[in-house]
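Read the structure below first, then the notes.
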Amino acid sequence: MTENSHPSPESAASTAGDAELDPLWWRQAAVYQIYPRSFADSDGNTIGDLRGITARVPYLSELGIDAVWLSPFYPSALADGGYDVDDYRDVDPKIGTLDDFDEMIAALHGAGIRLIADIVPNHSSDRHEWFRAALEAGPGSAERERFIFRDGRGEHGELPPADWTSIFGGPAWTQVPDGQWYLHTFAKEQPDLNWNNSEVHEDFKQTIRFWSDRGVDGFRIDVAHGLAKELPEVLPSQAELDGLPWDGTHPTWDRDEVHEIYAEWREVFNEYDPPRFAVAEAWVGADRRPLYASEKGLGQAFNFDLLEAHFDAEQFRAVVTDNLELSARAGSSSTWVLSNHDVVRHASRYGLPPKADHEEKAGVDWLLARGAEPTLDAQRGLRRARAASLFELALPGSAYIYQGEELGLHEVADIPDAHRQDPTFFRNQGVEVGRDGCRVPLPWTADGPSFGFGPATAHLPQPQWFAEHAVSRQEEDPNSTLALYRRALRLRRELQTAEELEWLDTGPDVLGLIRPNGWICVTNFGTEPADLPDGEVLLSSAPLVDGRLAGESTAWLQA
């Protein structure tokens, strides 16, 4: 049986040479996520910067990616790792200037690498000029209409408008000196914008044009399912809110009206040649995801199903089958993710006992115990991560790679509390430790005050075992995870074909697929060696065992 996503022309397989000419470059791109403050520090201020990225463009080119997704680089107090934005049309002076941005994007484009910029439209920061003006202007003003302000409950308005809880823990409403309260779905430093206000619409269209004019090729939309809100005069309780369905009518999440916003953005995207595209971070039901990926809207949407699945053949097959069907409904291509800046790295998740619900939760208890229990089987986790990564890279659609996964990095679980930065840690203590462990700056060399990240120390402490994973060491080892990724991404570019696959009959615990040009991928989820189909073995995540596929490994073949 063949599982089809939306078939695309052969030109949809991007290469460095034809990327400029291909408006569909993103459909099957290998995209590398850079968390800029933790990638490379050029000036020794302990924080990664744009010049650091520019200096590492040869590394990115050698890796073989098609695009970089750049997490927020805007001016920010870092209340939420840069997702609290002070100014959407500037660069944080701690990490560079607009001139540095222009030099970086020129270097990337010169290497045939596109740039996807992170946009944060659900909320600004409390230092944004609009929010400062709202505080000064007072209740009932036009300035306050750009955000979501409400009078409080109680005799004197001393109680919040509702008992809502923020995503990061703690109350979702904060009172200002004149007595009103503002909504912040996330940290209190991140006031929600009011997308019923036309000024908000126009300002974000201006922002999209600003960065597109500077050469940005696409956008990743943060909390894409949260923008549109319709709050009744009497707000429901948190319990009542939690009980409402996400069917397009929920007061705060995944409202149908959000797609009117993205239709406006599509008009802006289409002003450019080639048109800009966007990928939605939308944590919604699978049946709602195609709305975000529509060609009339953003164009693509993340699916996190593979990230949430256990290392299990049946689950992986179901995830791929379902999501190729969904992408076909949207007329888009699917996306595949195993790690990002918000979850425990998959090398660690796969080395821990799986949780009953979702794989992404596997590391929560482990992090709370600061990595002490349950025991991490680091070697098994890395072995499975290498296998899963090769599986992911063989799928039709876009593969999103998080910085450091190509080094086989594990999560840093034992960061001292005094060094933690994630607001989740401070607002939700005892429940979650936060996301700092996947945001620790990368090791480029096996020595130095920050393992080559910069000339000084790093803004988050790096463990000594990072030396084993340093780029400099892995470049000398032909069997390293870095070498595996480089070979895989080069082969992927050569082998890429129409967005289709056919499942092979490979038996239990083994998952095989074939792409239209005879590119075969076989993953052994079991622990015992398994037979391989006929074909030339091009690449494997672990050495073969007497010509058979080792347990917990993946091989690519050419029929």
Side-chain angles (χ1 to χ4, degrees), residues 30 62-64 306 310-313 316-317 336 338-339 345-352 375-395 399 401 404-410 443 446 465-495 503-515 518-559:
E62 178 69 15
L63 186 58
L306 203 60
H310 299 318
F311 188 78
D312 176 86
F316 270 46
R317 177 168 177 158
W336 310 107
L338 291 170
S339 284
R345 289 184 176 275
H346 64 283
S348 294
R349 296 199 316 270
Y350 290 148
L352 292 167
T375 301
L376 171 68
D377 188 338
Q379 290 186 345
R380 186 180 203 190
L382 179 57
R383 183 169 64 249
R384 287 177 160 188
R386 287 163 60 104
S389 295
L390 275 195
F391 177 87
E392 173 197 27
L393 292 174
L395 297 174
I401 300 164
E405 72 171 75
E406 80 278 12
L407 305 178
L409 284 185
H410 281 278
W465 53 262
F466 259 35
E468 304 167 17
H469 297 268
V471 172
S472 61
R473 284 195 178 176
Q474 296 205 33
E475 287 184 327
E476 298 174 353
D477 180 3
N479 298 314
S480 69
T481 301
L482 177 59
L484 177 70
Y485 267 74
R486 286 177 171 176
R487 291 195 297 269
L489 287 164
R490 183 180 67 250
L491 273 172
R492 183 181 189 273
R493 183 171 283 173
E494 295 171 2
L495 296 168
W503 294 113
L504 300 177
D505 184 10
T506 47
D509 293 330
V510 180
L511 196 56
L513 62 90
I514 183 168
R515 300 288 297 275
W519 174 16
I520 300 172
C521 174
V522 182
T523 301
N524 183 359
F525 292 84
T527 57
E528 297 299 319
D531 292 333
L532 285 167
D534 292 336
E536 177 190 0
V537 177
L538 304 175
L539 183 65
S540 62
S541 65
L544 300 184
V545 180
D546 297 326
R548 305 178 77 205
L549 183 61
E552 300 180 328
S553 68
T554 296
W556 289 358
L557 302 89
Q558 182 70 56

Heavy-atom closest pair, residues [X] and [Y]:
| X | Y | value |
| --- | --- | --- |
| Thr554 | Ala387 | OG1-O, 2.8 Å |
| Asn479 | Arg386 | O-NH1, 3.5 Å |
| Trp336 | Glu392 | O-OE2, 2.8 Å |
| Trp556 | Arg492 | CZ3-N, 4.1 Å |
| Leu390 | Ser541 | CD1-N, 3.6 Å |
| Ala470 | Ala446 | CB-N, 3.7 Å |

[X] side chain to [Y] backbone, donor-acceptor under 3.5 Å:
| X | Y | value |
| --- | --- | --- |
| Glu552 | Arg383 | no |
| His410 | Ala378 | yes |
| Asn524 | Glu528 | yes |
| Ser480 | Ala483 | yes |

Quiz item: More than 12 foreign heavy atoms under 6.0 Å from CG of Asp477: is that the case here?
Solution: yes
Distance, nearest 0.5 Å, that separates [atom1] of [X] from [atom2] of [Y]:
| X | Y | atom1 | atom2 | answer |
| --- | --- | --- | --- | --- |
| Glu62 | Arg490 | CD | CZ | 8.5 Å |
| Leu549 | Thr523 | CG | OG1 | 7.5 Å |
| Ile520 | Ile514 | CD1 | CD1 | 4.5 Å |
| Leu504 | Cys521 | CG | SG | 9.5 Å |
| Ile401 | Leu338 | CD1 | CG | 9.5 Å |
| Arg380 | Tyr350 | CZ | OH | 12.5 Å |

Practice problem: Run the numbers on Phe466 and Leu409 for side chain to side chain contact (heavy atoms under 4.5 Å, CB included), then give the verdict. | Solution: CA-CA 8 Å; Phe466 259 35; Leu409 284 185; 4.1 Å; yes
Is any side-chain heavy atom of [Y] closer than 4.5 Å to one of [X]?
| X | Y | answer |
| --- | --- | --- |
| Val510 | Phe525 | no |
| Leu539 | Leu557 | no |
| Val522 | Leu511 | no |
| Leu63 | Leu482 | yes |

Quiz item: Could you go step by step and tell me if Ser339 and Arg349 meet the side chain to side chain contact (heavy atoms under 4.5 Å, CB included) rule?
Solution: CA-CA 10 Å; Ser339 284; Arg349 296 199 316 270; 4.0 Å; yes
Self-check item: Pair Glu475 + Arg486: basic N to acidic O under 4.0 Å
Solution: yes
Self-check item: side-chain contact (heavy atoms from CB on, under 4.5 Å) partner of Thr481, the single match among Glu406, Glu405, Gln474, His469
Solution: Gln474
Quiz item: Yes or no on side chain to side chain contact (heavy atoms under 4.5 Å, CB included) for Gln558 and Leu495, after CA distance, side-chain angles and deciding distance?
Solution: CA-CA 9 Å; Gln558 182 70 56; Leu495 296 168; 3.3 Å; yes
Exercise. Show your working on side-chain hydrogen bond (donor to acceptor under 3.5 Å, both in side chains) between His346 and Ser389 and close with a plain yes or no.
Key: CA-CA 10 Å; His346 64 283; Ser389 295; 3.3 Å; yes
